[in-house]
Amino acid sequence: MTDYKSTLNLPDTQFPMRGDLPKREPERLKAWQEGNVYGQMRAARQGRPSFVLHDGPPYANGDIHIGHAVNKVLKDMIVKSKVLSGFDAPYIPGWDCHGLPIELNVEKVKGKVGVKLDARAFRQACRDYADTQVARQKKDFQRLGVLADWEAPYLTKDVSFEANQLRALAKIVDNNHLYLGLKPVYWSVGAQSALAEAEVEYADKRSNAIDVAFVVVDPDQIFSRWDATHLPNRGEGRCSVVIWTTTPWTLPANEAVALNAELEYALVQIERDGMAERIVVALGLLEAIMGRYGIADYQVLATGSGAGLEGLLLQHPFLDKQVPVIVGEHVTLDAGTGAVHTAPAHGVEDFQVGMRYNLPVNCPVDGSGRYIDGTPLFAGDSVLSVDAKVLEILREKSVLIHHQAITHSYPHCWRTKTPLIFRATPQWFISMEQAGLRDQALAAIPKVNWIPEWGQGRINAMIDGRPDWCISRQRHWGVPIAIFVHKQTQQMHPRTSELLGLVANLVEKDGIDAWYELDAASLLGHEASEYEKVQDILDVWFDSGVTHSCVLETREGVSRPADLYLEGSDQHRGWFQSSLLTSLAMDGTAPYKSVLTHGFTVDADGKKMSKSKGNVVAPQEICDKLGADILRLWIASSDYRYEMTVSSEIIARIADSYRRIRNTARFLLANLKGFKPEQALPLTELVALDQWVVHRAHHIQQQVIADYDAYQFHQIVQAVHHFCAVDLGAFYLDIIKDRQYTAKRGSRAHRSVQTALYHLLQALVRWIAPVLSYTSDEIWQTMRTELGDMESPVVFTAHWYDGLRPLLSEQTSFDEGFWQSMMDLRDQVNKQLEVQRAAGTIKGSLTAEVTLFVDESWQSRLALLGDELRFVLITSAVFVKPLAQATEDAVASELTGVSLVVMPTAHAKCERCWHHRDDVGTYEGYEGICGRCVDNVAGEGEVRHYA
RNA sequence: UGGCCUGUAGCUCAGUUGGUUAGAGCGCACCCCUGAUAAGGGUGAGGUCGGCCGUUCAAAUCGGCCCAGGCCAACCA
C-alpha cells in the first residue's frame, strides 16, 4: 500500500495548541519592555491625530485588586484599539501619593510626628513608602499586559506636580472660589483631622440615648404663649422641656433647644420618683415617650404649637446659663421627644439653624477630642469617654429623665475606624456659590458625553446638592495650603495668588518641605510679623482633581481637555467631580469631552466582593494560574457598564472560549504552511466559498471596529467567537479541509483556500490584539517566522487589516442568501446523517451518500455547484433529483421543497482523500485512490470553482 | 430612608418604534472522527424573559407595586 500521506497538505506550525500562558506571558512581557513597545506605538503614530485617555490615579497603597485590573485593562484596550485605528494614543499612568492612608501606614512603623521623628523626616518616610507601593502596583499592572509609559508615570508626590498643584490653587484663588470658614466638619479624633465626606463610613455604634430636662425659667409663660391662661389646672412641680440625644458629650456646647414650629406640643403632668413634675414634649410622641419612661399616669395640662414657645428661656442642665427655644424644620417626630438639643459647634443642622438665631458657635473640644481648658466640669476629658461623667452630673442635678443604651449606624473614620464627631473649626473651602461654581458646573455637565447616559443625571444631582468643598486637612503628608493669613483679621494676604506662585517655585526645587521651612520674611518682608503660615494641607481629592492641569498641560503628547476619562461609577462623586470643579474653577472649562464608567465586580450571587466574605478574586491569582489573557478576555466579555460578575464557572467558560479562538488561529497558521503572501490570488479569482469567507470577514471587521469605537468590547468578543465557532469551525473550515489537505500543492484550488486563510488570519490577529494582547502578539510573531514580513514588528503598531473586501453582491449567483441556504441545507442533511448514525448504518459523513429531492428553485440553486455540492455537504456523493421523484424512504426536511435520503455508500474508501468513490481501484498504479486524487498526485491537479 | 442603575436558558450576551411557537455561542448529555487530537464535527435537552397587578386585540418590550442586587447619598439631635 502506497503511503499517500506525504502528498497531502497537512497542517503544521510551531504555534502550540496550548497557551501555557502563566509561563509564556512573562517572557513576552519582558520582550515588550526590552523592545519598548509602548515607545514604538507612540513613534509609529507620531504626527497623527491624538486620542487622549487620561488615567485616573489609583491610590498608592496596597496591592491591586480586580477592580484596578478591570479599570486599567479597559483603558489599555481602548488605547490599543485607537492605535490600530491610526490615532496617537498616549497612555500616561499615574498614582495618587499623598494622604491619610499612607500617613497611617508610616505612623505604624515610624511613629507619629513629633514623637520619634520630625515632620520633614516623616514626609520623607511617606515618600519612600509611596515609592514601594507604586513599584508593587506597577509590576502587577504591567503583568496584565497593559502597555503604557511605565518609565515615566505621573506621581502626585513629584515636586513638579506639587508645584503645579499650588499654581492651580492660585488660579482658583484668583477666581475668588476659596474662602476660610468656620464650620462643623466631620472630625476624626483618631486621625486628629477633618475628613471629607468621602472619608466617612458608617458602622454600628453603641451609644447612650438620654432624655434630659431643660427647666423652664418661667413656666407661666407657657400658658400665656399658648393662650391657655384660662385653664384652671396649671399642674405642679418643676417644669421643663425634655430633649433626647445620643451624644451626651455635646451638652456642654448646648446653645438652644429646637422645636418644630408646626408641630403640636403638650405640657404634661407626671410623677417621677415620687415627685410631681411637668414636662413639654411633642404631642405626637407622647404615648411612645411615656411608654419609654414607664409612666402610666400622666395628664396633658395644655397643648400648643412649637412656634408659640420660640424664645422661651430654659436653664442649661448643668451650666450656669440660659438658652432659648428656637424652631427649625429639621425637627421631626421620627424619634426622641420632638425637642432637639442644639449645639451649633457639633452638628451641621444645628450650625445652620444656629446661624439664623445668631447663636454662638463655641467649640469646647480640641483636635484630640478633649474639652479645652476653661470648660466647666469637663476640661481635659475626652469626648469619647466622658458619657458616664455627664450622666452622673445629670443625675446629680436630677435632670436625667431617662437613659438607655442603643445601637445605631454612626459615622466612623474610614481609616482609624474611630467614631467621628462634628466639630466647628476654621477650614478652607471651595465655594459652590461665591463665584458661581455650581451654576458653572451645571451648565458644563450637559456638554460632556456621559457613557452610559445616566451618568449625566447622576453627577448633575450630586453637583446640585453638594455643599461647599472643604479642602483643608490637618495632617502632614500632602501639599500645603501655602497661604498667609493675617493674624488679627484671619484674611488671606492680598497678594495670595502671587505668593502661591513664588512658593510653587520653591516647592518645585525642594518639595513641599520648602513651605514649612520658609522664612515668611523672605516673601513678605516687614509684613511677615502680621501674618501666619497656614499649616493645613490639601485634601487628596484636590491632588487628583487637578491632574487635568498638572499632567495634561505639562506632559508631551497630551492636552486638555482629555478625550476620555474612564473610571468606576463611584467616581461620579469622586474624581469626575473633583476634576470638573477644579477645572471650572481654574479656567471655566470642563477637563474632559467624554466620561465612561464601569461597574463594580460582584460574585456569582451578585454580591459585592469583600475580604470578610472571602469572595474576592485576585487578579494576580488569575494571571498566575490561567494567564493575563484569560483575565483580559473576562473583562472584555463582560458588559462593564453594569456590575461585572466573576466566579469560577465564568472564568472556566472564558478559558473555553479562549481555547476556541486560539485554536482557530493555530489552524489558520498551520494550514498556511508553505504559503508566501506573494502567492496570494486576487480576491476575485478565489473559489466561490473562499470569496464568501473573505466577504464575511470583511463584514465582521466593520462590526468589530464599530464596537471598538463604541467601547462595546463584549460585542466584539461575542462576534469574534461566533465567527470562529460558527462561520469557520462549523462551516467554512470544516468544508475546506478536504481541498486544503488533498488538492495538489500550489494548485489554484489550493492557493485559493490559502489566500482566504491568510486574509482571515491577518484580520483576526488584529481584531483580538487589544483584548488578547499576549496571544495576538504570539500569533503575530509566529506569522513573522512562518509567513515572512508583516506590516510591523509588533501587532500593536499595525493598522486594521485592509486586505478584506465585500465580494458578494446581489448581482452574483453566489450572494449571501445563496450561502445561507447552503447552511440551512447542511443542517437538514446533518439531521438525517445523525439519524442514520444512530441507527448504525453509517459512521462518519463520508461513509454516506445523500439524495436530495428538491423543487425547481432549489434545483437551480444546487446546480450552480455541480459536483462540488458534495464537498459542501461533506458526503461522498450527492444526487439531486426533482421533488416529484421522491422515493418512499425520502424524509421531508424542515425546508420547503426539500426531501432527502441518506444511505451508506457502497463504494471503496479512497485511502488518500477518504471519500468513498466508485472509481477507486480503477487507475493502474494507483489502485487505492480515486480519480481526483490521481489527478492531484500525478496530474495537473483538480480544478475547483465553488467549494 | 432617598437618588441612579441592574435582574432574558447553568454561564456570557442578542432581542429594532410592544406583534407569529424568545435567539446565539459556550457549558451539559449522547454520538462521530482520529489527517486541528489535552483538538475537530454532529444531534439533543435546557427559559412561565426576578415576582405580582394593570394598559392593550397583542408585552421580555409601556405603567404601578414588590423582591433581590450594585453604586452614591442621607439618617438615627
Side-chain angles (χ1 to χ4, degrees), chain A residues 5 8-13 17-18 197-198 202 205 207 209 243-247 250 254 257-258 330-332 334-337 339-343 346-347 349-350 406 408-411 422 452 454-455 457-459 461-462 465-466 568-574 597 599-602 604-608 634 637-639 641-645 647 649-654 656-657 659-660 663-664 666-671 714-715 717-719 721-726 729-730 733-734 737 740-742 826-827 829-831 833-835 837-838 842-847 874 912-914:
Chain A
K5 205 157 172 170
L8 296 171
N9 311 303
L10 294 179
D12 182 29
T13 177
M17 186 159 80
R18 305 200 60 203
E197 292 179 41
Y202 287 80
K205 177 182 184 297
S207 294
I243 62 94
W244 181 78
T245 181
T246 57
T247 52
T250 60
N254 176 277
V257 170
H330 65 291
V331 181
T332 65
D334 291 345
T337 59
V340 174
H341 144 61
T342 300
H346 295 302
E349 286 173 334
D350 291 10
I406 62 161
H408 59 165
S409 170
Y410 189 86
F422 266 108
W454 51 259
R458 193 160 182 190
I459 194 164
M462 288 173 173
R466 73 159 294 155
S569 58
D570 58 331
Q571 298 301 330
H572 284 113
R573 169 66 57 175
T597 52
F600 280 61
T601 55
V602 295
D605 301 321
K607 300 285 174 59
K608 70 168 125 191
W634 165 71
S637 53
S638 301
D639 188 346
R641 293 170 298 180
Y642 310 104
E643 292 97 68
M644 303 172 71
T645 314
S647 69
E649 184 185 357
I650 291 169
I651 294 298
R653 290 294 81 75
I654 292 294
D656 288 335
S657 52
R659 271 181 236 117
R660 172 57 116 171
N663 274 313
T664 300
R666 177 171 185 266
F667 188 65
L668 296 177
L669 267 170
N671 285 302
H714 65 287
Q715 305 287 25
V717 174
Q718 298 259 340
H721 188 266
H722 193 272
F723 182 68
C724 289
V726 180
L733 296 179
D734 203 25
K737 265 191 275 186
Q740 162 63 20
Y741 293 171
T742 68
R826 254 171 71 96
D827 289 342
V829 172
N830 282 337
K831 281 184 208 290
L833 286 170
E834 193 61 27
V835 169
R837 192 144 41 212
I842 63 166
K843 307 279 263 178
S845 64
L846 286 178
T847 65
I874 316 184
R912 183 170 179 277
C913 74
W914 295 353

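Order of the sequence lines sets the chain letters (A, B, ...), proteins ahead of strands, with each chain counted from 1. This one's a predicted model, so the numbers in the text were calculated from it and none came from an experiment.
- Rounded to whole Å, the distance from CG on A:D734 to P on B:rG42 is 6 Å.
- Contact annotation: A:R826 side-chain N/O to B:rU43 OP1/OP2 distance is not under 4.0 Å.
- At the heavy-atom level, A:H572 lies nowhere under 4.0 Å from the strands shown.
- Side chain of A:R660, nearest nucleotide from B:rG40, B:rG10, B:rC4: B:rG40.
- Note on A:R18: a base of the nucleic acid sits closer than 4.0 angstrom, heavy atoms only.
- Comparing B:rU16 with B:rC11, their C1' atoms sit 26 Å apart, to the nearest whole Å.
- Within the nucleic acid shown, A:A209 has no heavy atom closer than 4.0 Å to any nucleic acid atom.
- On the P atoms, B:rC62 is 23 Å away from B:rA68, given to the nearest whole Å.
- If you check B:rA36, B:rC32, B:rG35 against the side chain of A:F667, the one that comes closest is B:rA36.
- Of the side-chain N and O atoms in A:H721, none sit less than 4.0 angstrom from OP1 or OP2 of B:rC13.
- Atoms OH (A:Y642) and P (B:rU6) sit 5 Å apart, rounded to a whole Å.
- When each of B:rA39, B:rG27, B:rG25 is scored by its nearest atom to the side-chain atoms of A:R653, the top-ranked nucleotide is B:rG27.
- In the interface, the side chain of A:E834 is paired with the base of B:rG42 through a donor and an acceptor atom under 3.5 Å apart.
- Ring-to-base geometry places A:W914 in a stacked arrangement with B:rG35 (centre distance under 5.5 Å, plane angle under 30°).
- Within 4.0 Å of A:G457, counting heavy atoms only, lies no atom of the nucleic acid at all.
- Here A:E834 pairs with A:R837 in a salt bridge; the nearest charged N to carboxylate O distance falls below 4.0 Å.
- Between A:S657 and A:T742, the residue anchored nearer the 5' end of RNA chain B, judged by the nucleotide with its closest heavy atom, is A:S657.
- B:rA9 sits 24 Å from B:rC66 when the P atoms are compared, rounded to a whole Å.
- Comparing B:rC11, B:rC71, B:rG44 by their nearest atom to the side chain of A:K831 picks out B:rG44.
- Taking the six-membered ring where the residue is Trp, A:F667 and A:Y741 present perpendicular rings, their angle passing 60° and hence far from 30°.
- Considering only the side chain of A:R573, B:rA73 comes nearest among B:rG27, B:rA73, B:rC71.
- At the heavy-atom level, A:V726 lies under 4.0 Å from the strands shown only through sugar-phosphate atoms.
- For B:rG15 and B:rU55, the P atoms lie 29 Å apart once the distance is rounded to whole Å.
- A:S637 and A:H714 make their closest contact through O-CB, 3.3 Å (heavy atoms, listed as atom of the first residue, atom of the second, distance).
- Between B:rC31 and B:rU6, the two P atoms lie 45 Å apart (nearest whole Å).
- Checking B:rG69, B:rC72, B:rC32 against every side-chain atom of A:K843, the shortest atom distance belongs to B:rC32.
- If you check distances only, the side chain of A:R458 does reach the base of B:rC71 with a donor-acceptor pair under 3.5 Å.
- Across all strands, A:D639 comes closer than 4.0 Å only to sugar-phosphate atoms, never to a base (heavy-atom distances).
- When each of A:L10 and A:V602 is assigned the nucleotide of RNA chain B with its nearest heavy atom, A:L10 is the one assigned upstream, toward the 5' end.
- B:rA14 and B:rU43: their C1' atoms are spaced 24 Å apart (whole Å).
- Contact annotation for A:S638: backbone-only contact, meaning every heavy-atom pair under 4.0 Å involves sugar-phosphate atoms and none involves a base.
- Residue A:L833 is classed as having no contact, given no heavy-atom separation below 4.0 Å to the nucleic acid.
- For A:N830 and B:rC31, the CG to C1' distance is 13 Å, given to the nearest whole Å.
- Base orientation for B:rG46: syn, the chi torsion being within 90° of 0.
- Contact annotation for A:K737: base contact, defined as any heavy-atom pair under 4.0 Å involving a base atom.
- Spacing between atom CG of A:L733 and atom C1' of B:rG42 amounts to 16 Å, rounded to whole angstrom units.
- The OH atom of A:Y741 sits 11 Å away from the C1' atom of B:rU34 (whole-angstrom rounding).
- The separation of B:rC5 from B:rG63, taken at their P atoms, amounts to 12 Å, rounded to a whole angstrom.
- In this structure, A:M17 places its CE atom 4 Å from P of B:rA38, rounding to the nearest Å.
- Distance, A:E643 CD to B:rC71 C1': 8 Å, rounded to whole Å.
- Side chain of A:W634 to backbone of A:T645: a donor-acceptor contact under 3.5 angstrom is found.
- Across all strands, A:R912 comes closer than 4.0 Å to base atoms (heavy-atom distances).
- Closest contact between the side chain of A:D827 and the listed nucleotides B:rG42, B:rC13, B:rU43 involves B:rU43.
- Distances shorter than 4.0 Å separate some side-chain N or O of A:K608 from OP1 or OP2 on B:rC71.
- In terms of polar N and O atoms assigned as donor or acceptor, the side chain of A:R666 never comes within less than 3.5 Å of the base of B:rA36 in a complementary pairing.
- Rounded to whole Å, the distance from CD1 on A:I651 to P on B:rC11 is 14 Å.
- A gap of 15 Å separates the C1' atoms of B:rC13 and B:rA60, to the nearest Å.
- Proximity of A:Q715 to the phosphate of B:rA14: a side-chain N or O atom is located under 4.0 Å from OP1 or OP2.
- In this structure, A:T645 reaches the sugar-phosphate backbone alone: every heavy-atom distance under 4.0 Å involves primed, P, OP1 or OP2 atoms, never a base.
- To the nearest 0.5 Å, atoms CD (A:E643) and NZ (A:K608) are separated by 11.5 Å.
- When all heavy atoms of A:T247 and A:T245 are compared, the pair lying nearest together is N-OG1, 3.0 Å.
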